[in-house]
2 protein chains.
Amino acid sequence: MPDTPIPQASNVTSLAERRLLHETVVDQLRDLIVQGELAPETKLNERVLAERLGTSRTPLREAIKFLASEGLVELLPNRGAVVAPLKPEKMQEVFVVLGALEALAGELACRNASEADIADIRALHYHMLAHHARGELAPYFRYNQQIHQRIIDCAGNATLAQSWRAMNAHVKRARYLANLSGERWDKAVKEHEDMIDALTRRDGAKLQALLRDHLANKLVMVMEALGGRPK
Amino acid sequence: MPDTPIPQASNVTSLAERRLLHETVVDQLRDLIVQGELAPETKLNERVLAERLGTSRTPLREAIKFLASEGLVELLPNRGAVVAPLKPEKMQEVFVVLGALEALAGELACRNASEADIADIRALHYHMLAHHARGELAPYFRYNQQIHQRIIDCAGNATLAQSWRAMNAHVKRARYLANLSGERWDKAVKEHEDMIDALTRRDGAKLQALLRDHLANKLVMVMEALGGRPK
DNA sequence: GCAATCATTTTTGTATGCAAAAATGGAATG
DNA sequence: CATTCCATTTTTGCATACAAAAATGATTGC
């Protein structure tokens, strides 16, 4: 018999641990969208999707509403929902906001990150360099994302992190469009180099500027790719 | 309490509106939360709330999921949902992010706003001044919010606007705590004065800085009020 | 008197049913 | 051949049903 826990009447958040079907459906559906398995503008047929995810329409519809709030799906009254289109204008908007969020995160991270945090990020950076050297795109992207994620985390602002995560989901959808040519790729890596440098020196202003530029460059690449697509 | 008829805003299905019940429920529920009618940490009883909003549990649950994504409600697995607590730490986080978003909006607005836009905002500002002069708090808040909203709108970035709206909802919940003392209120008005000035001169950098400070000052007030609350 | 236990009630989570709207397809018409 | 109906099918939106989990509260034992 374990010790009887003291009844914490008010602090409800501490016991929100159990996994709910609704949440797994949200995660699965978000993955399908972000990974591009459900392409932009795909109609979400409730019956089909529910069967695919092994659930009924009710939790699926709740998940769709949740993702609609994140902007990953669009609700069409009486006509269901579609995967949010990948419009160039939308991308432009997202990158601008994301730039501001990452800049803020960079500044906060320079103040709040521990030395261990920075060492971790640096390690991720070297992993990324290795994959860049070998021209391995997928692992490169993975480490790239992890670095950005870690910088956000080091900012120590959960609200910022959540907002960033939602915005970043949109960008992830477009990442495979970026078509990293050798020159562009090298440039992006160089920017990362500078970012790690600024973070190590805890130069918040510099890191902020670098992140903004980095995002702006990413946007250019995505825009070229999107603009080239016949729509 | 026996059947107390709740004034149904207009659940009329007469007009062939494209508006879904789900959306009206989202708006109604958000209003109840933002206006404080559903206090922080209130448990959302689905049966009771559905009846109150004149609907069934299904659309209500969808609305709850939607608002959970906005952060206004928290989901407790197998225990339903509660109105998100108003914790000081959360407020601090929100204000930091909101500061970055408004700063960005200010910069963009200085670039993109038309002269007519600026004239409109200036007009709102004078209305606000009038209500400040008369010490009318509620109308003051209303115009204050409208001014901030208009600046966001002038940025011409719908993604930014939506993100701001969600963040701002949290702040609105705390606004009645701010307890504007004469001195503080005067200071806030003075800051607005400067903001209008910077916008008119289209001095983006200045407006950005002013908005950041303005938000930081608001935070101080809210924090004092929240910190003073025995919780 | 108090805590623990367990039956009962309540509430949540999911599935299903049903009506209305939209999509589909095919015949009739120009 | 294209277009416009209209009947049929499909899909969505909402309500309800039902099982499982949690809250409640009465009872028992100490």
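All chains are named by letter (A, B, ...) in the order of the sequence lines, taking the proteins before the strands, and each is independently numbered beginning at 1.
- Spacing between atom CG of N78(B) and atom C1' of dA19(D) amounts to 12 Å, rounded to whole angstrom units.
- E46(A) places its CD atom 6 Å from the C1' atom of dT12(D), with the value rounded to the nearest Å.
- Each of R79(A) and P59(A) was matched to the nucleotide of DNA chain C holding its nearest heavy atom; the match closer to the 5' end belongs to P59(A).
- If you measure from atom CD of E62(B) to atom P of dT14(C), you get 13 Å, rounded to the nearest angstrom.
- One can find a donor-acceptor pair under 3.5 Å joining the base of dT16(D) and the side-chain atoms of T58(B).
- Counting any heavy atom pair closer than 4.0 Å across all strands shown, L60(B) reaches no nucleic acid atom.
- Atom CD in E23(A) sits roughly 14 Å away from atom C1' in dT12(C) (whole-Å rounding).
- At whole-Å resolution of the value, CG in L44(B) and C1' in dT11(C) are 13 Å apart.
- Whole-Å rounding puts the L76(B) CG to dT11(C) P distance at 16 Å.
- Ion pair R212(B)/E102(B) not flagged as a salt bridge, since none of the NZ, NE, NH1 or NH2 atoms sits closer than 4.0 Å to an Asp/Glu carboxylate oxygen.
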Could you pull out all donor-acceptor pairs under 3.5 Å where a side-chain atom in residues 47-55 of chain A meets a protein atom, sequence neighbours excluded?
| residue | atom | partner | partner atom | Å |
| --- | --- | --- | --- | --- |
| R52(A) | NH2 | E37(A) | OE2 | 3.1 |

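- Residue N45(A) has its side chain nearest to dT12(D) when only dT11(C), dT12(D), dC14(D) are considered.
- Relative to the side chain of S56(B), the nucleotides dT16(D), dT12(D), dT12(C) differ in distance, and dT16(D) lies closest.
- By the neighbour-count criterion of 12 heavy atoms within 6.0 Å, atom CZ of R165(B) is sparsely surrounded, having that number or fewer from other residues, nucleotides or ligands.
- R184(A) has a carboxylate O that lies under 4.0 Å from a charged side-chain N of E224(A), or vice versa, which qualifies the two as a salt bridge.
- Distance from the side chain of T55(A) is smallest to dA15(C) among dA15(C), dT11(D), dC14(D).
- Using a 4.0 Å heavy-atom criterion, one finds that R47(A) contacts the sugar-phosphate atoms exclusively.
- For R150(B) and D153(B), the salt-bridge test fails: no basic side-chain N is under 4.0 Å from an acidic carboxylate O.
- Residue K43(A) has no polar side-chain atom (N or O) positioned under 4.0 Å from OP1 or OP2 of dA23(C).
- A donor-acceptor contact under 3.5 angstrom links the side-chain atoms of R57(A) to the base of dG13(D).
- Rounded to whole Å, atom P of dT11(C) lies 18 Å from atom CG of L75(B).
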